[in-house]
*Asks:* 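Have a look at this one.
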Amino acid sequence: MIEELLQRAIKKALFTLYNIDTEEKEIVLSSTKKEFEGDFTLVVFPYLKQAKKKPEDLAKEIGEEVVKEIPYIASYNVIKGFLNFSLDKNFWIEFLNKNKSNETFGYHAICSDKPIVIEYSSPNTNKPLHLGHIRNNLLGWSVAEILKANGYAVKKVNLVNDRGVHICKSMIAWQMFANGETPQTNNEKGDHLVGKYYVLFDKEYKKEVKELVDKGVDEKIAEQEVPIMKQAQQMLVKWENKDKDVRDLWQTMNGWVYEGFDKTYNRLGVDFDKVYYESNTYLLGKNLVNEGLEKGVFFKKEDGSVWIDLTEEGLDEKLLLRKDGTSVYMTQDLGTACLRHNDFGSDNLIYVVGNEQNYHFQVLKKVLEKLGFDWAKNIYHLSYGMVELPNGKMKSREGTVVDADDLMQEMYEQAKTQTLEHGKNDFPEQEADKLYNTLSLGALKYFILKVDPTKNMLFNPAESIDFNGNTGPFIQYTYARISSIVRKAMQEKNIDAKTIKISEKITLNDKEMDIIKTIYSFADVIKEAGRNYSPATIANYAFLLAKQFNAFYQDNSILKETNEDVMIERICLTYFSGQVIKKAMHLLGIDVPNRM
RNA sequence: GGUCUAAUAGCUCAGCUGGAUAGAGCGACUGCCUUCUAAGCAGUAGGUCGAAGGUUCGAAUCCUUCUUAGAUCACCA
C-alpha cells in the first residue's frame, strides 16, 4: 500500500529534519479534496510546535524529503498547512494492470480460524415477518458477508422463538375460530394464517376485557381474569407438561409458520448455518445460575427468586430465576451464549437485535463477565434502529405493519411497471421475471442498507421506494451499461478486458482518475465497514463509484475512442469498475443484471 | 424520575479516528438522446449543522448545560 510507504517516509523526514519521533500509524493521510491537485494529503499543523516552523515551510521541507525517498511520488504542492502529494501516472496504470482481474481484490486475507457467530432474524412463530424483520435480516446477512470479506470465518445462526404464551394465543384462537382451516384448505401462506389468529386472539381478548369492565370489574384485574387469557396460560402449562394434544397442535401450527418463513427467507436471499429453537434452549442457563449462586455472584431473595446486583455498574438488580424456579429471557440467553461458544468454538458472538434491547444486552454481557467467561467481553450487540412509519412505530396488533411478503411483491410489480415504461419489453418471460426480482430486491435492500444501522429510519408506504437517484436500481443500471460495453469490446473488438494490458504511454483524465482512486480505496472501505458493522459504508461506496462511472461515461468515448491504447485503458477501467460494483453489491446481498 | 440514543437543505439521508469553501438523492427550475443503455449526465435555487457556552492553530465531529424526540428501567420476550 502506497499510504504505508508515505507514512514511513514522512516519519523518517520528521525525525531527520526536526528530531520528531512519531508512530507511523499516527501519521494521518487523507485523500486530497477534489478542488486541489494531488492524491494524498498530509496536514502538517500537528507538528508545527515541535518543528518550530511556519506551516508552509514545514510542508515544503517534508515534501522535498518524501519526493526524494519515494519514486512513485511525482510531485507535491503546498497550500497553507496542507501538503498534497501527486502520484506518478504509471503507479496507477500498474495498479490497474495488477488488480483488475484479481478475483479477491479488496478482500482481506484470512485472519482467524475461530468463527464469529452472528445471530440475526430471531422471529416469533406467531406472526409473519414485517419490515422491521427485513431490516434485521438484511443487516445480519450483509454484516456476515462484510466480516467474511475482512478475513473472518463467520457462522450465521437463527434463534427461533417458538414457545411461550404468545404462541399459545394463536393456538387458542385457531381452536376457537378456525373450523379446522389450514394453509392447504385456504391456499394461504402458513405464517400469515397463524398471524391472522394471533390478531383474532387480541380482538377477542379486548372484547372480553371490555365486557368485564362494563360489569364493573377493575381493568387491571379484568386483563388477567378474562377467560381467553386464562386459556392461553393453561395451554402454556400443558405445553410445558408435554401434553400430547397441545404439543401436536403446536407442532402443526409451527410447521405452517416455518414453511411460510422459508419462502420469505428464500425470496429475501438470507440463510443460516444453524437454527436454534427456544423450545430446546429455554431451560438452558439454570445450571449457570446455580454456579453463580455458589460463586456468590448472584443472590437469593427471601421468596426464593435469584438476582444479580449490578447497581455498582450503573445498572439495576436483575432477576435471573423466578421464585418458582422457572427461567426468564435472561436465563435462557446466558445458556444459549455458552451453547454457541461451545458449538462453534467461538470467542466472538454478535447479536443483531433492535436497540430496544440495549439494556438487556448490557446486562447479559456483564453477567457472563461476572461468571468468569473471558470471551464475554467480545459480545457485540449490533443494535439497529427501528423502522418507523410516518405516523410512528409499527404495531402488529394495530395492523400498522408493513408485511414483508406484500412489500416484496409490491416492489416486484413496480420493477415491472418501471421496466415496461422505459420501453424495455423485449425480454423473454423467464429473463423478465428474473430481472424484476433482481431490481425489486435491489431497490428494497439498498433502501434499507444505505442508512446507518444504528439510526432509526423512516419508511413512507405512500411514496414507495424509488428507482432513480441514490438507489439500488441506479447502481444496477450502471452495471448493466458496463456489462454491455465489456460484451461489445469482446464481440466487436475482440478485446478481453480481463487479460489485456494497459500501455504506460497513455495519460489519464480527471474523470478516469476519480474512478481509479475510488477503486483503489475499496479494501479500506471494506475494512471500515467491518470495523463499524456497517453495510451503509459499502452502499455509499457503491453509489459513489457508480456515479463517477456515469460521469466518465457521459463525456468519454470508450469503444469509439480512436487512440487504441486509450480505448484499451478505458475498456479495462470500465471492466474493473463493474467488478468492484458487483462485489460491493454482493456484500449487500444485491445482484446485478447484465442487461436491463 | 434514573439510564441510553438521536437532532445536518422543504423531505430522506452521507459526512471515517477533529482539518481546506458542509455533500448526495428526492422535490422545484434549466439544458443534453442521428454517437458505447437518458433507470443517465450537466447546471440553478435551497444551510445559523437543535440552542448556548467551552477545549483547540482549526469543531457538524470532542466536553458541559439546556431544548425537543425516541428507547429502556417487568417474576414479558
Side-chain angles (χ1 to χ4, degrees), chain A residues 26 28 30 32-33 35-36 41 43 45-46 48-49 55 79-82 84 122 124 161 163-166 278 282 301 303-307 314-316 318-324 326-330 332-333 354-360 362 383 385-386 388 392-393 415 418-419 421-422 424 439 443 447 450-452 454-460 463 466-471 473-478 480-489 492 524-525 527-528 531-532 534 536-537 539-540 543-544 546-547 550-561 570-571 574 595-596:
Chain A
E26 281 168 25
V28 189
S30 47
T32 306
K33 294 246 172 198
E35 308 88 80
F36 304 96
T41 296
V43 182
F45 288 112
L48 285 186
K49 267 186 197 158
I79 299 167
K80 291 190 277 184
F82 297 88
N84 304 316
S122 315
N124 294 336
N161 183 278
R163 62 160 286 280
V165 74
H166 52 296
E278 285 199 11
Y282 80 107
K301 287 198 177 174
D303 64 4
S305 55
V306 179
W307 298 73
L315 304 171
D316 300 315
K318 185 76 190 175
L319 176 87
L320 297 171
L321 275 185
R322 296 192 184 99
K323 64 184 171 202
D324 62 6
T326 56
S327 51
V328 289
Y329 182 41
M330 184 61 72
Q332 173 189 214
D333 260 10
N355 61 14
E356 54 203 354
Q357 294 195 34
N358 284 352
Y359 182 72
H360 173 79
Q362 251 181 305
S383 158
M386 298 291 103
E388 287 166 350
K393 232 181 130 174
Q418 294 267 338
T419 303
E421 267 177 20
H422 283 97
K424 297 174 181 176
L439 295 181
F447 177 82
K450 79 170 174 186
V451 343
D452 182 339
T454 63
K455 291 188 175 169
N456 288 357
M457 64 177 293
L458 185 92
F459 175 77
N460 189 341
E463 287 173 7
D466 222 321
F467 280 63
N468 302 312
N470 186 358
T471 66
F474 168 89
I475 299 167
Q476 291 171 318
Y477 176 69
T478 309
R481 278 176 147 180
I482 287 172
S483 297
S484 168
I485 291 165
V486 172
R487 233 175 5 242
K488 282 183 179 161
E492 296 168 14
D524 277 345
V525 170
K527 199 183 273 178
E528 198 196 321
R531 208 178 54 231
N532 300 327
S534 174
T537 305
N540 287 328
F543 177 61
L544 174 70
K547 218 169 33 153
N550 281 326
F552 158 73
Y553 174 92
Q554 192 68 23
D555 47 35
N556 291 281
S557 296
I558 300 169
L559 297 174
K560 297 206 163 88
E561 168 59 44
R570 288 186 178 160
I571 291 170
T574 299
R595 294 174 212 270
M596 69 182 269

*Asks:* The side chain of Lys547(A) is closest to which nucleotide in this list: C73(B), G70(B), C41(B)?
*Replies:* C41(B)
*Asks:* When all nucleic acid strands are considered with a 4.0 Å heavy-atom cut-off, which category describes Asp333(A): base, sugar-phosphate, or nothing?
*Replies:* nothing
*Asks:* With rounding to whole Å, what would you report as the distance between C33(B) and A69(B) at their C1' atoms?
*Replies:*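 Pairwise C1' distance, C33(B) against A69(B), rounds to 48 Å.
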*Asks:* Roughly how far apart are Glu278(A) CD and Ser122(A) OG, rounded to 0.5 Å?
*Replies:* 8.5 Å
*Asks:* Is it true that atom NZ of Lys323(A) has more than 12 heavy atoms of other residues, nucleotides or ligands lying nearer than 6.0 Å?
*Replies:* no
*Asks:* Is the glycosidic angle of C33(B) within 90° of 0, making it syn, or outside that range, making it anti?
*Replies:*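 Syn, since the glycosidic angle lies within 90° of 0.
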*Asks:* At under 4.0 Å, does any side-chain N or O of Lys488(A) touch on OP1 or OP2 of U37(B)?
*Replies:* yes
*Asks:* With centres under 5.5 Å and planes under 30°, do Phe474(A) and A39(B) count as stacked?
*Replies:* no
*Asks:* Measure the distance between the ring centre of Phe45(A) and the centre of the six-membered base ring of G19(B), then answer whether it is under 5.5 Å with planes under 30°.
*Replies:* yes
*Asks:* Assign Thr574(A) to base, sugar-phosphate, or nothing according to its heavy-atom contacts below 4.0 angstrom with the strands shown.
*Replies:* nothing
*Asks:* Using atom types as modelled and distance alone, determine if a side-chain donor or acceptor of Asn456(A) lies under 3.5 Å from a backbone N or O of Met386(A).
*Replies:*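 Such a contact is found between Asn456(A) side chain and Met386(A) backbone.
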*Asks:* Between Phe447(A) and Phe459(A), what is the ring plane arrangement, given parallel below 30°, perpendicular above 60°, and tilted in between?
*Replies:* perpendicular
*Asks:* Quick check, does Phe82(A) stack with A20(B)? I mean ring centres under 5.5 Å and planes off by under 30°.
*Replies:*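 Check passed, Phe82(A) stacks on base of A20(B).
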*Asks:* Stacking between A39(B) and His422(A), yes or no? Criterion: centroid separation under 5.5 angstrom, plane angle under 30 degrees.
*Replies:* yes
